[in-house]
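Notes to accompany the following structure.
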Amino acid sequence: MFEKMKRWKNKEEGYEKETILQGPIPAHVAIIMDGNGRWAKKRALPRMAGHYEGMQTVRKITRFANELGVKVLTLYAFSTENWKRPKTEVDYLMQLPEQFLNTFLPELIAENVQVRVMGHKDQLPLHTLHAVDKAIEETKQNTGLILNFALNYGSRAEIVHAVQKLVDDVQNGTIQASDVNEQVFHSYLMTNDLPDPDLLIRTSGEIRLSNFMLWQLAYTEFWFTDVLWPDFTERHFLQAVHEFQQRSRRFGGV
Ligand SMILES: CC(C)Oc1ccc(CN(CCC(N)=O)C(=O)c2cnn(Cc3ccccc3)c2-c2ccc3sccc3c2)cc1
């Protein structure tokens, strides 16, 4: 009994922030944020309540990742195509970024966070686009955590677009076909000035990549959890980082 208790205690201790800070902190964490709708349904709430709670979790985890010393946090708001959603929900979703930035931008600036967008922001409604461009502009000098939102992002489209640009450059003589290697190819991707993710987290029990960063995740540790995104806490984030530390220790070993 005592042994069991001790093991359980150690398990608990494994996730203390102080313990985690003694090990390697993943420089780039990518999160597929999934489960807002299910969270709302479980509580017989409208789906928008799930998105609102999901946005609160974005705020909480951004703050915590920055505290831990994570360098890049890439967030993919995994959402089925908007055309499948009722108009009220799409309208709500499109105003959520402004609400998020209006209340959180001052804190992001104070925390030296740099807001970035990866993907096609031009398809956002003008009012959303203005809020996003303002946040990018007002934080681009910051040198702390890079908060990178994947918007209207698809990895295969990103790779095809990189190939198209590469072919153009070979044809117009900018580079020789023989010069092309993995580093050159990476420079044509949207993440060309970011390190590959060290840790990928996906919530709500889905075990899929959903066309997300397929090239960049080649050597990334994956951590899946049944926890729904609105229920995701700093403690879950610590569990994922602890797991990452356990694995990278083995990676170092033979
Ligand atoms: C710089 C950043 C703050 O600005 C933007 C951020 C995102 C978008 C694109 N966007 C909303 C519009 C759309 N494409 O549906 C989504 O990707 C999308 C789809 N579901 N959810 C709900 C959700 C909320 C929280 C977690 C997962 C999903 C979101 C969504 C809406 C508002 C916020 S705020 C922080 C995250 C977030 C996510 C546009 C601008």
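In this text, all values refer to a predicted model and were calculated from it rather than measured experimentally.
A salt bridge is defined here as a Lys NZ or Arg NE, NH1 or NH2 lying under 4.0 Å from an Asp or Glu carboxylate O, and Arg247 with Glu243 meets this definition. Between Arg208 and Asp34 there is no salt bridge, since no side-chain nitrogen of the basic residue lies less than 4.0 Å from a carboxylate oxygen of the acidic one. With respect to Arg43 and Glu53, no salt bridge is recorded, no charged nitrogen being found less than 4.0 Å from a carboxylate O. Note on Lys165 versus Asp169: no salt bridge recorded, every NZ/NE/NH1/NH2 to OD/OE distance being 4.0 Å or above.
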Output, in order, the C-alpha distance, side-chain angles, deciding distance and verdict of side chain to side chain contact (heavy atoms under 4.5 Å, CB included) for Glu234 and Lys17.
CA-CA 9 Å; Glu234 291 90 342; Lys17 187 176 156 189; over 6 Å; no

Step by step, would you call Gln216 with Glu158 a side-chain hydrogen bond (donor to acceptor under 3.5 Å, both in side chains)?
CA-CA 11 Å; Gln216 297 88 338; Glu158 177 193 20; 3.1 Å; yes

Can Leu73 and Ile31 be said to form a side chain to side chain contact (heavy atoms under 4.5 Å, CB included), step by step?
CA-CA 8 Å; Leu73 181 64; Ile31 305 181; 3.9 Å; yes

Test salt bridge (charged side-chain N to carboxylate O under 4.0 Å, His left out) applied to Lys134 and Glu138, step by step:
CA-CA 6 Å; Lys134 177 171 174 275; Glu138 292 192 7; 3.7 Å; yes

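A side-chain donor-acceptor contact under 3.5 Å links Thr128 to the backbone of Met94. Using modelled atom types, one side-chain atom of Arg38 and one backbone atom of Ser204 make a donor-acceptor pair closer than 3.5 Å. Side chain of Asn181 to main chain of Gln183: a donor-acceptor pair is present (N/O by atom type, distance under 3.5 Å, no hydrogens or angles). The backbone N or O of Thr62 lies less than 3.5 Å from no partner atom in the side chain of Asn66, so there is not a single donor-acceptor pair. The main-chain N or O of Ser155 is found under 3.5 Å from a side-chain atom of Asn211 such that the two form a donor-acceptor pair.
Between Phe222 and Leu217 the shortest side-chain heavy-atom distance falls below 4.5 Å. Residues Glu111 and Glu107 are in side-chain contact: their nearest non-hydrogen atoms beyond the backbone lie under 4.5 Å apart. Taking the side chain as every heavy atom from C-beta outward, Ile201 and Phe232 approach each other to under 4.5 Å. Residues Pro195 and Val72 are in side-chain contact: their nearest non-hydrogen atoms beyond the backbone lie under 4.5 Å apart. You'll find the side chain of Gln56 reaches within 4.5 Å of the side chain of Tyr52, heavy atoms only. You'll find the side chain of Leu75 stays beyond 4.5 Å of the side chain of Met118, heavy atoms only. Side-chain atoms of Trp215 and Phe185, non-hydrogen and from C-beta on, do get closer than 4.5 Å to each other. Leu166 is listed as a side-chain neighbour of Ile175, based on a closest heavy-atom distance under 4.5 Å.
If you take CG on Leu21 and CD on Glu67, they are separated by 9.0 Å, rounding to the nearest 0.5 Å. Rounding to the nearest 0.5 angstrom, the gap separating the CG atom in Leu214 from the CZ atom in Arg156 is 7.0 Å.
Both tests hold for Arg59 against Phe104: distance to the six-membered ring centre under 6.0 Å, angle to the ring axis within 45°.
For residues 222-232, the pairs satisfying side chain to side chain donor-acceptor pair (under 3.5 Å) are Trp39-Asp231, with sequence neighbours left out.
Under the side-chain hydrogen bond (donor to acceptor under 3.5 Å, both in side chains) test applied with His28, the options Asp198, Thr220, Asn148, Thr74 reduce to a single match, Thr74.
Aromatic ring orientation, Tyr92 versus His51: parallel (interplanar angle below 30°, classes split at 30° and 60°).
Within 6.0 Å of atom NE2 in His161, 12 or fewer heavy atoms from other residues, nucleotides or ligands are found, so the atom counts as exposed in its surroundings.
Pairing each heavy atom of Pro230 with each of Gly50, the nearest pair is CG-O, 3.8 Å. When every heavy atom of Leu238 is checked against every heavy atom of Leu68, the shortest pair comes out as CD2-CD1, 4.0 Å. Across all their heavy atoms, Lys42 and Leu228 have their closest contact at CD-CD1, 4.0 Å.
In this structure His130 satisfies the side-chain contact (heavy atoms from CB on, under 4.5 Å) test together with Leu126, sequence neighbours excluded. In this structure Asp133 satisfies the side-chain contact (heavy atoms from CB on, under 4.5 Å) test together with Lys121, Leu129, Ile136, sequence neighbours excluded.
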